[in-house]
Amino acid sequence: SRHEVLMRKFLAPSLLATLALAPGLTLAADLNMAAIAPLNAAEIYAADTAMDWSGFYAGFSAGYGLGHEDPVDLQAFPDVDPLTVGGVSADGWLGGIQAGYNLQSDNLVFGLEADLQGTDYAGTGLATVDGVTANATTDIGWFGSVRPRVGYALGDGLIYATGGLAFGDLDATIDATGILGYNGTITTPEELAWGYAVGAGAEYALTDQVSIKGEYQFVQLRADATGTLRNASGIDSGVVGSSRVRSNMHAIKVGLNYHF
């Protein structure tokens, strides 16, 4: 019939065109899907759960400090160079608090941290001049620091370097009895000792708000000790003995921080 003729006339070419185009459409779809990289579930999870180190934090830490043969020098006359006459080795426990602020940009983390540590860090040594031996002591009751930090974030981990100003309570004495025929005690003044602290550490986030850390610090505190020396008869000789005290502490600390 006329209707069947028309159907064959138009339907057959349409089917042929569809079949001819089908491979091209399939290829185009494949190309479009290939252009969209498959989503990796592990990468998505890591991106969603990686620690954001930006913001304020505070916590506590504890550790141990060790020093080895900090030099002891003596000077009795301004026009005579100080003599290194011995050394003091000190050690002790320490513990305290820290607080700071971080700002993260991509994987780089910049921050500022302040800490305060109480210690029983102390030690003794000997100072010998012309065969006469005197006792020297060093004691740090507490110390603190204010330090910039620069780190690199590795997911929930952070490695960093730090360095800045240190200060603390440094007490040092030298019993100068019998040295060069004088008697007396050379001591540091009752005031803050200043110095510097440098170190490095690593931190790991247990949750979005709690992290644990391990850190090494080298802390040097400096002070000048002085004392009036008396002669063998106990009379003030007018000679003022002095010593440049340098306490060098190698401290290892572990701690915990809470991130706000």
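Here the structure is a predicted model, which means the values were calculated and not measured. Just so you know, residue 1 is the first one in the sequence shown, and it goes up from there.
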| request: Kindly indicate whether the side chain of Arg244, heavy atoms from C-beta on, has any atom under 4.5 Å from the side chain of Arg222. | output: no
| Under 3.5 Å donor-acceptor, Asp120 side chain and Trp93 backbone | yes
| said: Which heavy atom of Ala166 sits nearest to which heavy atom of Ala197, and what is that distance? | reply: CB-N, 4.0 Å
| request: Tell me yes or no: between the side chains of Gln98 and Tyr57, is some donor less than 3.5 Å from an acceptor? | output: no
| request: Start with the C-alpha distance between Glu215 and Asp115, add both sets of side-chain angles, then the distance that settles side chain to side chain contact (heavy atoms under 4.5 Å, CB included), and finish with yes or no. | output: CA-CA 13 Å; Glu215 184 176 274; Asp115 73 307; 6.0 Å; no
| said: Which Ile, Leu, Val, Met, Phe, Trp or Tyr residues join Val150 in one cluster when any pair of side-chain heavy atoms under 4.5 Å counts as a link? | reply: Leu108, Phe110, Tyr152, Leu154, Ile159
| message | Please check: side-chain N/O of Gln104 versus main-chain N/O of Asp52, any donor-acceptor pairing under 3.5 Å? | response | no
| said: Return the OG1 to CD1 distance between Thr226 and Ile174, rounded to the nearest 0.5 Å. | reply: 11.0 Å
| Considering all heavy atoms of both residues, which atom of Gly163 and which atom of Pro148 are nearest to each other, and what is their separation? | O-CD, 2.9 Å
| Where do Gly96 and Gln117 come nearest, in terms of heavy atoms and distance? | N-OE1, 3.1 Å
| said: Could you measure the distance from the OH atom of Tyr101 to the OG atom of Ser54? Nearest 0.5 Å is fine. | reply: 6.0 Å
| note | Result for side-chain contact (heavy atoms from CB on, under 4.5 Å) between Thr138 and one of Leu170, Thr188, Asp70 points to Leu170
| field | Atom pair CG/OG of Leu256 and Ser211 - distance to nearest 0.5 Å | value | 6.5 Å
| From Asn135 atom CG to Leu126 atom CG, the distance as rounded to the nearest 0.5 Å | 6.0 Å
| task | With rounding to the nearest 0.5 Å, note down the distance linking CD1 in Ile140 to CG in Leu94. | result | 10.0 Å
| message | Could you check whether any side-chain N or O of Thr119 sits under 3.5 Å from a backbone N or O of Tyr121, counting only pairs where one atom can act as donor and the other as acceptor? | response | yes
| Does Asp156 reach the main-chain N or O of Met51 with its side chain, forming a donor-acceptor pair under 3.5 Å? | yes
| request: Could you go through the side chain to side chain contact (heavy atoms under 4.5 Å, CB included) check for Glu190 and Asp171 one step at a time? | output: CA-CA 8 Å; Glu190 294 292 329; Asp171 294 322; 4.2 Å; yes
| Common cluster, Phe167/Phe218, ILVMFWY with side-chain heavy-atom separation under 4.5 Å | no
| said: Donor-acceptor check, side chain of Tyr160 to backbone of Glu203, threshold 3.5 angstrom: yes or no? | reply: no
| query | Are Trp194 and Val146 co-members of a hydrophobic cluster defined by side-chain heavy atoms under 4.5 Å apart? | reply | yes
| Exercise: do Thr162 and Gln217 side chains pair donor with acceptor under 3.5 Å | no
| task | Say whether Val109 and Phe260 are linked into one hydrophobic cluster, either directly or through other cluster members, by side-chain heavy-atom distances under 4.5 angstrom. | result | no
| Between Val198 and Leu221, is there a shared hydrophobic cluster once you connect ILVMFWY residues whose side-chain heavy atoms come closer than 4.5 Å? | no
| query | Any sub-3.5 Å donor-acceptor pair from Ser242's side-chain atoms to Ala225's backbone N or O? | reply | no
| message | Using 0.5 Å steps for rounding, measure from the OH atom of Tyr204 to the CD1 atom of Ile212. | response | 8.5 Å
| request: Report whether Val88 and Met249 are members of the same hydrophobic cluster (ILVMFWY, side-chain heavy atoms less than 4.5 Å apart, transitive linking). | output: no
